[in-house]
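Owing to the predicted nature of the structure, the values given are computational and were not obtained by experimental measurement. Both backbone and side-chain heavy atoms feed into the values below; hydrogens, waters and symmetry mates do not. Chain identifiers are assigned alphabetically (A, B, ...) following the order of the sequence lines, protein sequences preceding nucleic acid strands; residue numbering begins at 1 within each chain.
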Number of protein chains: 2
Amino acid sequence: MRLSTKGRYAVTAMLDLAIHENKGPITLASISQCQGISLSYLEQLFSRLRRAGLVEGVRGPGGGYRLSRDGQHISVADIINAVDESFDATRCQGRADCQDGEKCLTHELWTDLSDQIQGFLSNITLGEFINRPQVREIIANVQRTGSDRVSAAA
Amino acid sequence: MRLSTKGRYAVTAMLDLAIHENKGPITLASISQCQGISLSYLEQLFSRLRRAGLVEGVRGPGGGYRLSRDGQHISVADIINAVDESFDATRCQGRADCQDGEKCLTHELWTDLSDQIQGFLSNITLGEFINRPQVREIIANVQRTGSDRVSAAA
DNA sequence: TAATTGTTGACTATTTTACTTGGTTAATAT
DNA sequence: ATATTAACCAAGTAAAATAGTCAACAATTA
């Protein structure tokens with residue numbers, strides 16, 4: 001479980017899709033412009049998100065990306081795992097040839113902790129998150145002051 | 001909040017110190033050997049942990065590092081923040097000149113989420129973690145099969 | 001057909017990670 | 001005192017990850 005700006009890009013982009021879930025596909029160009037991420041970099045990220053089955057692309061004019069399943073069933077952990085491919089290959093794998101056993105010990109402690117974090121992020125879904133009262137408030141405020149995404153994308 | 005192998009190294013090393021909290025200082029050489037991390041890299045990490053006030057070094061023979069305060073009061077978030085120095089400087093800072101307001105929106109959603117993760121990891125302290133029944137079991141098992149750290153360090 | 005948008009691959013620059021080398025100090029043991 | 005131990009410190013380096021560019025191609029719509 002790695003958590004970097006790469007993961008943040010993916011999560012914020014996915015939140016973008018989740019918020020406009022019912023307004024048709026969102027183009028990467030739009031996300032690129034709004035979030036200041038290069039288009040090609042987003043393409044790379046979405047390539048992975050698509051292969052992970054989290055989004056589906058729609059080609060042609062009016063196309064873009066949409067969530068491939070309900071936001072309620074896409075967790076933050078899903079997204080981060082999709083773009084990070086962190087097959088960790090922690091040392092001392094299998095062979096218990098550590099000098100005094102401590103190596104395997106702390107390694108195991110970390111995996112325990114890592115599982116905890118993973119579990120925590122698995123319980124935060126896009127749908128659940130954007131439906132929290134305080135988050136809904138943020139969304140409402142921004143859409144009141146700024147112009148809507150639909151008009152901006154049209 | 002960045003979470004990489006660097007952070008894992010730091011956390012596992014700190015868990016090492018926490019487990020042997022009452023057995024005097026632990027040398028970096030010992031941790032290096034046990035966890036397969038280069039000594040100098042550990043020195044760099046502990047330099048930061050020390051400057052963050054999480055550990056204190058003891059020079060000379062029999063020296064090493066120990067926690068500078070009780071493990072109950074050192075959280076995983078403390079450790080990761082100490083070694084990662086992630087002042088993120090997320091774009092669109094202050095100036096709300098985003099094209100359609102969406103940029104600031106998802107940025108804010110991320111900080112919300114990020115605060116959640118931070119809060120979660122702040123609640124997991126070294127002391128609390130290694131005192132969990134299932135974790136204590138791991139520790140007991142390893143110390144039964146392998147030789148003890150004290151004998152290995154002596 | 002022309003425009004739009006996803007899809008893919010190769011290639012590059014920058015940053016971070018992880019490590020190396022070579023020292024210096026401070027404490028301890030002989 | 002001297003040698004040993006170990007923390008401290010500072011450059012520099014190789015490998016990897018991050019972030020981005022460029023260029024082509026495929027499907028869809030108007």
*Can you figure out which of C/dT5, C/dT8, D/dG20 approaches the side chain of A/S47 most closely?*
C/dT8
*If you check the B/L28 side chain, which of D/dC9, D/dA7, D/dT18 turns out closest?*
D/dA7
Starting at [atom1] of [X] and ending at [atom2] of [N], how long is that distance when rounded to a whole Å?
X     : N      : atom1 : atom2 : value
A/I37 : D/dT18 : CD1   : C1'   : 12 Å
A/R66 : C/dG6  : CZ    : P     : 12 Å
B/L39 : C/dT20 : CG    : P     : 10 Å
B/L45 : C/dT16 : CG    : P     : 15 Å
B/L17 : D/dA6  : CG    : P     : 15 Å
A/R48 : C/dG9  : CZ    : P     : 13 Å
B/L42 : C/dT20 : CG    : P     : 12 Å
A/Q35 : D/dA19 : CD    : C1'   : 15 Å

Holding to side-chain hydrogen bond (donor to acceptor under 3.5 Å, both in side chains), I want the full list of residues that pass it with [X], two or more places apart in sequence or in another chain.
X      : value
A/R136 : A/N131
A/S75  : A/D78
A/D112 : B/Q134

Polar-atom pairs under 3.5 Å, protein N or O versus N or O of nucleotides 10-17 of chain D: list them with distances, or write none.
none

*All ring-ring contact (aromatic ring centres under 6.0 Å, His included) counterparts of B/F129, not counting sequence neighbours*: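 Per chain and number, B/F129 pairs via ring-ring contact (aromatic ring centres under 6.0 Å, His included) with no residue.
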*Is the shortest side-chain N/O distance from A/Y41 to OP1 or OP2 of D/dA19 below 4.0 Å?*
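Yes.
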*asked:* Please determine whether a side-chain nitrogen or oxygen atom of B/R50 lies at a distance below 4.0 Å from atom OP1 or OP2 of D/dC8.
replied: yes
*Ion pair present between B/E56 and B/R66, side-chain N to carboxylate O less than 4.0 angstrom?*
yes
_Under the salt bridge (charged side-chain N to carboxylate O under 4.0 Å, His left out) test, residues paired with A/E43 that sit two or more places apart_ = none
*asked:* Can you pull out every salt bridge (Lys or Arg N to Asp or Glu O under 4.0 Å) where at least one residue sits in residues 117-134 of chain B? Sequence neighbours excluded, please.
replied: B/E128-B/R132
*Taking protein heavy atoms under 4.0 Å as touching, what does nucleotides 25-30 of chain C look like 5' to 3' if B marks base contact, S marks sugar-phosphate-only contact and - marks none?*
BSBB--
*Would you mind classifying the nucleic acid contact of B/Y65 as base, sugar-phosphate or nothing, using non-hydrogen atoms under 4.0 angstrom?*
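Sugar-phosphate contact only - B/Y65 comes under 4.0 Å of backbone atoms but never of a base.
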Which pairs would a plain distance check flag for residues 44-55 of chain A, meaning a side-chain donor or acceptor within less than 3.5 Å of a matching protein atom at least two apart in sequence or in another chain?
| residue | atom | partner | partner atom | Å |
| --- | --- | --- | --- | --- |
| A/S47 | OG | A/R51 | NH1 | 3.2 |
| A/S47 | OG | A/R51 | NH2 | 3.1 |
| A/R48 | NH1 | A/V83 | O | 3.1 |
| A/R48 | NH1 | A/E85 | OE2 | 3.1 |
| A/R48 | NH2 | A/E85 | OE2 | 3.1 |

*Ignoring hydrogens and angles, tell me if any N or O in the side chain of A/S32 forms a donor-acceptor pair with the backbone of A/L28 under 3.5 Å.*
no
